[in-house]
Amino acid sequence: MQDLNRLAPQLINNGDIFLMNFLYTFCKILECLNSIRDADAMVHNSLIIIHEILLHYPCVLTWLKVDLFTASESFIGVNYGTIADNLPPAASTASLLASTSIGKLRLYEPQPDLVSALAAAGSGISLLLGVPNSDVPTLAASPAAAAAWAAANIPATVPVSAISVGNELLSSGDPTLATQLLPAMQNLLAALPSGASAAPKISTVHSMAVLASSDPPSSGAFHADLAATLDPVLEFLNQNGAPFMINPYPYFAYASDTRAETLAFCLFQPNPGRVDAGSGLTYLNMFDAQLDAVRAALDAKGYGGLDIVIAETGWPYKGDAGEAGATPENARAYNGNLVAHLKAGTGTPRTPGKSVDTYLFALYDEDLKPGAASERSFGLYKADLTPNYDIGLAKGSNGTSTSGQIGVITPAPPQVTTQPGMGLTPTGFCVTTGALPGSTQQVQQSSSCYAPVGAGSRRAHAGVRQLVWFGVLLGMAIVAAK
């Protein structure tokens with residue numbers, strides 16, 4: 001502790017009281033390691049090393065204090081939609097992605113030029129590669145066709161984490177596609193190199209319309225009339241360690257219920273939490289509630305061990321006159337606070353601390369998409385590569401603080417019981433009929449919905465920082481003790 005006292009002025013001069021307090025805890029832990037010979041010497045040597053780093057290499061402290069999140073975020077991805085006539089050249093898109101902390105890219109169909117550009121840029125981005133719905137019947141009918149598709153479209157120069165066979169097929173309204181989904185997945189799996197450890201997982205993407213119930217999240221259940229096609233798909237995913245992929249959109253929830261508290265809940269902004277009477281868990285934002293409703297539905301089917309991937313989620317920054325909430329401020333708040341929520345590693349009430357790969361929708365606007373103006377206004381970036389709004393994705397950025405800062409809504413007093421009139425709240429993913437972003441299908445969606453309100457705590461973020469610091473300092477101590 002004498003060594004820490006001598007180091008303290010340097011830490012205070014650097015303005016890092018957090019590190020000062022952490023080092024005190026670190027020293028106390030080391031002093032308790034009685035089984036380690038010369039623990040005092042380890043403390044002494046470790047502090048000397050840290051002191052020298054702070055004195056001579058202050059940039060190291062600055063680098064560490066960005067929480068190690070300036071590199072590519074392996075859990076943050078983005079969708080690349082192509083219903084547009086003004087998309088930037090592939091090389092420009094690859095350079096843009098390489099300049100961000102985005103770690104994953106979803107393609108709805110093979111994009112050879114973009115894949116080549118990503119490989120040339122050395123971006124390190126992995127792909128979620130899509131099989132277009134129109135190709136599913138061919139792959140289902142012929143193992144040879146599936147093998148030919150795999151040989152032609154699965155790149156060897158860029159990592160492919162997963163392949164989505166179709167997009168929202170079970171909600172497409174075409175029963176023939178639904179019955180061909182599993183055979184297409186099976187044939188494509190058989191076409192992959194056997195025993196390859198890096199082989200992509202074969203899955204498919206669903207809309208939230210596959211849920212019959214989500215209110216409260218613990219009651220989450222799939223539509224019974226989908227069992228004949230969905231249950232075999234779930235078993236396929238389970239046998240092959242592939243994730244269940246789904247597209248939740250809190251924006252549509254707000255579009256169907258434009259109360260201020262619903263907007264705050266959708267944007268991760270301060271508002272009362274809501275207790276799930278079935279589980280006793282308190283929900284603080286809609287993203288977690290939707291995710292846990294899906295988990296509950298999987299649990300009810302006996303597939304609680306499946307990982308979940310959020311294949312699409314986003315918020316439009318512009319809409320028609322009647323499209324409430326489609327503003328740049330709300331889009332930035334939702335996407336920025338979602339990224340912060342993911343970085344914090346809090347997980348959901350049902351699975352605390354469990355990360356989930358999430359693909360934001362979308363990289364660019366798609367100016368040729370039909371429908372309301374919002375359908376053409378989900379892009380994070382414009383065609384000239386400038387951002388529509390900033391959510392801190394650029395490498396070297398320490399993120400953007402949007403929670404409670406953009407479109408702030410004054411929270412109501414904290415509630416510990418369900419608020420009157422807040423039972424079944426209609427939400428967009430449950431009642432909206434229309435083409436969902438990333439899809440050209442018309443989807444009739446209906447189910448009961450759960451719409452809690454509130455803001456997620458960021459206390460877990462500090463916990464992550466403490467663990468990072470502990471790992472760094474413990475490593476130094478081990479080296480110093482040798």
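Residues take their numbers from the sequence shown, with the count starting at 1. Just so it is clear, the model here is predicted, and its values are computed rather than measured.
- Residues Y364 and T93 have side chains that bring a donor and an acceptor to within less than 3.5 angstrom of each other.
- A side-chain N or O of T386 and one of D384 form a donor-acceptor pair less than 3.5 Å apart.
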Can you give me every donor-acceptor pair (side chain of residues 303-310, partner residue at least two apart or in another chain, under 3.5 Å) with its distance?
{"unit_1": "Y303", "atom_1": "OH", "unit_2": "E235", "atom_2": "OE1", "d": "2.6"}
{"unit_1": "D307", "atom_1": "OD1", "unit_2": "K354", "atom_2": "NZ", "d": "3.1"}

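- The two atoms that bring L170 and T229 nearest to each other are CD2-OG1, 3.8 Å, heavy atoms only.
- Side-chain N or O atoms of N79 include one that pairs as donor or acceptor with a backbone N or O of L360 at under 3.5 Å.
- With respect to the salt-bridge test (charged N to carboxylate O, under 4.0 angstrom), the residues D257 and R259 qualify.
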- Item | D299 vs R350, salt bridge (charged side-chain N to carboxylate O under 4.0 Å, His left out): CA-CA, chis, key distance, verdict | CA-CA 11 Å; D299 284 342; R350 193 180 184 96; 2.7 Å; yes
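- Considering F361, Y334, W315 as possible partners of Y251, the one that fulfils the ring-ring contact (aromatic ring centres under 6.0 Å, His included) test is W315.
- No hydrogens or angles considered: nothing links the side chains of Y317 and N335 as a donor-acceptor pair under 3.5 Å.
- Between the side chain of T358 and the backbone N or O of V356 there is at least one donor-acceptor pair closer than 3.5 Å.
- One finds the CZ atom of R106 at 9.0 Å from the OH atom of Y359 (value rounded to the nearest 0.5 Å).
- To the nearest 0.5 angstrom, D276 atom CG is 5.5 Å from Y283 atom OH.
- Qualifying salt bridge (Lys or Arg N to Asp or Glu O under 4.0 Å) partners for D292, counting only residues two or more places apart in sequence or in other chains: R295.
- Residues T313 and Q290 bring no donor and acceptor atom of their side chains to less than 3.5 Å of each other.
- Side-chain N/O atoms of T351 and T348 include a donor and acceptor closer than 3.5 Å.
- Taking all atoms of both residues into account, the shortest heavy-atom contact from L380 to L393 is CD1-CD1, 4.0 Å.
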